[in-house]
Amino acid sequence: MSDGTCKTANEIAESYLQQLQQLGHEISTAINAIAADALPVLQESVAKQEMLCASLVTRANEVASVIAAPSTQQPSSIDKAIETRIRAASGAIRELNLQYSALLKHSGRSIALLSLLCKSHAGQMREERGAGLKRQTWSCEM
């Protein structure tokens, strides 16, 4: 490995599992940030998700290379308990991703509808100006 130490497949898999769990936490944080309209929290969470995903790719490649080229000093397979926990964490992330995707899709549609509504009302206000009609107040927060 790059730091000069030889890690076992189990050590790398355990690190992978911890990062999967952190990713799940960050996805939950992002979902909650969207619901709370907390843009800075969402931005920070997305940045952390990007870093974790890049690290997970590296970690997965490390596990694959240790398993593919076993040495006589280290076990080349991952402990079944760790493997089970990785599968559970991966399943939880898949579920969170479905929720995240649905929330983003719904949010996008809501923004599009509000935008159309605001544009439609703006056109109505321009027509009223020319006719000298009494103006109504209307606001739209996005």
Side-chain angles (χ1 to χ4, degrees), residues 1-130 133-142:
M1 304 298 143
S2 60
D3 62 2
T5 62
C6 256
K7 293 182 180 179
T8 66
N10 282 332
E11 290 171 332
I12 298 168
E14 189 67 44
S15 174
Y16 182 80
L17 173 62
Q18 289 172 358
Q19 289 179 337
L20 277 177
Q21 291 167 336
Q22 289 172 348
L23 180 60
H25 173 75
E26 286 305 324
I27 292 171
S28 292
T29 298
I31 289 171
N32 292 333
I34 292 169
D37 197 25
L39 184 59
V41 175
L42 176 62
Q43 290 171 325
E44 182 179 332
S45 179
V46 168
K48 287 179 182 177
Q49 288 175 52
E50 289 173 350
M51 288 187 302
L52 284 166
C53 287
S55 183
L56 282 166
V57 168
T58 302
R59 210 58 77 231
N61 289 336
E62 287 176 2
V63 170
S65 68
V66 169
I67 290 173
S71 77
T72 56
Q73 301 164 341
Q74 299 177 8
S76 63
S77 63
I78 299 171
D79 182 66
K80 293 296 181 194
I82 296 172
E83 188 176 331
T84 301
R85 291 170 50 209
I86 287 173
R87 289 183 195 280
S90 296
I93 287 173
R94 275 191 295 279
E95 289 297 316
L96 283 169
N97 274 336
L98 289 173
Q99 293 172 19
Y100 199 14
S101 176
L103 179 60
L104 290 173
K105 187 175 181 180
H106 178 73
S107 297
R109 271 188 270 159
S110 296
I111 290 170
L113 287 172
L114 284 172
S115 178
L116 284 172
L117 184 60
C118 289
K119 286 177 185 177
S120 170
H121 187 70
Q124 200 174 32
M125 290 298 288
R126 276 189 227 108
E127 290 173 10
E128 288 178 0
R129 281 187 210 144
L133 297 176
K134 181 180 173 186
R135 292 188 184 184
Q136 300 174 347
T137 10
W138 190 84
S139 65
C140 176
E141 182 178 320
M142 295 173 82

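Since this is a predicted model, take the numbers as computed values, not measurements. Numbers here simply count residues along the sequence, with the first being 1.
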Drop me the distance from [X]'s [atom1] to [Y]'s [atom2], to the nearest 0.5 angstrom.
| X | Y | atom1 | atom2 | value |
| --- | --- | --- | --- | --- |
| N61 | Y16 | CG | OH | 10.0 Å |
| I31 | L103 | CD1 | CG | 6.5 Å |
| E14 | I78 | CD | CD1 | 10.5 Å |

Taking all heavy atoms of I12 and all of R59, pick out the closest pair and write down the distance.
-> CG2-O, 3.6 Å
So, does N10 use its side chain to make a donor-acceptor pair with the main chain of D79 at under 3.5 Å?
-> yes
Acceptor/donor pairs from residues 22-29 side chains to any protein atom, 3.5 angstrom cut, sequence neighbours excluded:
unit_1, atom_1, unit_2, atom_2, d
E26, OE1, S45, OG, 3.0
S28, OG, G24, O, 3.3
T29, OG1, H25, O, 3.0

Name each donor-acceptor pair under 3.5 Å that joins a side chain in residues 90-101 to protein atoms two or more places apart or in another chain, with its distance.
unit_1, atom_1, unit_2, atom_2, d
S90, OG, I86, O, 2.9
Y100, OH, Q49, NE2, 3.4

